[in-house]
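Everything numeric here is computed off the predicted structure, so don't read it as measured data.
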Amino acid sequence: MASSSSSSSVAASPGLTERRGIPGAQFVEDVQTYLTQSGLDVNSALAFLQERLQQYKLVEMKLLAQQRDLQAKIPDIVKCLDVVATLQAKKGTGEGLITDFEVSEGIYSRARIGDTDSVCLWLGANVMLEYSCEEAATLLQKNLDNAKASLEVLVADLQFLRDQVTITQVTIARIYNWDVHQRRIRQVAAAKDT
Amino acid sequence: MQQGGGSDTEVTWEDQQNINKFGRLNNRFHELQDEIKNAKETNDNLEDASNELILTDEEVVRFQLGEVFAHVPKEEVESRIEQMKEVTSKNLEKLEEERDSILAQMAELKKILYGKFKDSINLEED
């Protein structure tokens, strides 16, 4: 279902909010009214809510995986920025940067990086482009900012999702309790009649 | 017969919001535990590194920069490590402050929710 990215601020009244394709869980004011309105009996209502809970869990797994990816990506970008900054700093001095790098597992070789104006950035999909140091720094910074912004949105999505899960779990418990309560009342009434 | 279920306490939207907030805080608390553990580890590693630096008598140290080890003079490495140590300890402080504030908020919410629901709600770690 199409959705505009509404903010996930908590509604003043128990409204059905929805966020980026995640359906909101309806808050139940009164169990009796809810059951009559939806026309479901207790077992069907419980089954429906359980199914909703499973759907939420699936989405949660997906979001958590995305979050892990982003959280791994950000330190990588920071490291790259560091290297570019060091190369830029060395540029003026005229002496090269001597580094030991890994040729194969456990085997290192020495390299002397002379005065360079450009670096190559790996863009993914087997593509590597050469940039000047300034352009590379700008591009990396932009990527870092984007990654951080995406992570923020993702975290907010997860919070909204977890709230919906909590609401659904509480509703399930309440319907179940209400049913037990009703049965007890009926038992007491039946015992009185006999 | 006193059964656990079948209670009559009504759950208002405000209660639900409190429960949601408690859940959120609890999640954040666990995330913070992990982050604090990592920050402490990084701090320890930096401490060990600077101790090793003092002991070594080489002039040029191989300092890890990205995926390679750059040859950097000892003084520069020392100042870099000092800088990194400052950043990590500030970060650690901030994380611990956030964690303490979250614990306080959770204790508040526990009081409110247990006050209303008593036995019908369980807010402890399993």
Grouping I, L, V, M, F, W and Y whenever their side-chain heavy atoms are under 4.5 Å apart, do [X] and [Y] come out in a common cluster?
| X | Y | result |
| --- | --- | --- |
| A/Leu64 | A/Leu58 | no |
| A/Leu53 | A/Leu40 | no |
| B/Ile112 | B/Ile19 | no |
| B/Val11 | B/Leu123 | yes |
| B/Tyr114 | B/Phe117 | yes |

Problem set entry | Minimum-distance pair of heavy atoms, taken over all atoms of B/Trp13 and A/Ile167 |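 So the two residues come closest at CZ3-CD1, 4.1 Å.
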Problem set entry | Which atom of B/Val68 lies closest to which atom of A/Phe101, heavy atoms considered |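 So the two residues come closest at CG1-CB, 3.5 Å.
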Atom pair [atom1] ([X]) and [atom2] ([Y]), whose distance is rounded to the nearest 0.5 Å:
| X | Y | atom1 | atom2 | value |
| --- | --- | --- | --- | --- |
| B/Asn20 | A/Gln164 | CG | CD | 7.5 Å |
| B/Glu10 | A/Trp178 | CD | CH2 | 11.5 Å |
| B/Arg24 | A/Leu158 | CZ | CG | 11.0 Å |

Exercise. Which other residues end up in the same hydrophobic cluster as B/Phe69, if Ile, Leu, Val, Met, Phe, Trp and Tyr are linked when side-chain heavy atoms come under 4.5 Å apart?
Worked result: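 Taking Ile, Leu, Val, Met, Phe, Trp and Tyr as members, B/Phe69 shares its hydrophobic cluster with A/Tyr108.
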For this session: Dump the intermediate steps for side chain to side chain contact (heavy atoms under 4.5 Å, CB included) on A/Thr166 and B/Gln16, then the final yes or no.
Result: CA-CA 8 Å; A/Thr166 312; B/Gln16 183 67 69; 4.2 Å; yes
Look at atom [atom1] of [X] and say whether more than 12 heavy atoms of other residues, nucleotides or ligands are closer to it than 6.0 Å.
| X | atom1 | answer |
| --- | --- | --- |
| B/Asp48 | CG | yes |
| A/Glu152 | CD | no |
| A/Asp193 | CG | yes |

For this session: Give me the contact list for residues 71-104 of chain B versus chain A, heavy atoms only, anything under 4.5 Å, ordered by residue number.
Result: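 The list, in residue order, reads B/His71, B/Arg80.
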Exercise. In residues 60-67 of chain B, which residues are in contact with chain A at a heavy-atom separation under 4.5 Å?
Worked result: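 Counting heavy atoms that sit under 4.5 Å from chain A, the residues of residues 60-67 of chain B involved are B/Arg62, B/Leu65, B/Gly66, B/Glu67.
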For this session: Among the options A/Ile185, A/Thr99, A/Asp179, pick out the one with the most heavy-atom pairs lying under 4.5 Å from chain B.
Result: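 Of A/Ile185, A/Thr99, A/Asp179, A/Thr99 has the most heavy-atom pairs under 4.5 Å with chain B.
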For this session: Name the member of A/Val170, A/Leu97, A/Val165 that forms the most heavy-atom pairs with chain B at distances under 4.5 Å.
Result: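 The residue among A/Val170, A/Leu97, A/Val165 with the greatest pair count is A/Val170.
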Would you be so kind as to tabulate the donor-acceptor pairs closer than 3.5 Å made by side chains of residues 134-141 of chain A, with sequence neighbours excluded?
residue  : atom : partner  : partner atom : Å
A/Thr138 : OG1  : A/Glu134 : O            : 2.7
A/Gln141 : NE2  : A/Asp145 : OD1          : 3.4

Problem set entry | Segment of A/Arg183 engaging chain B (4.5 angstrom heavy-atom cut-off) |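 Contact with chain B involves no heavy atom of A/Arg183 at all.
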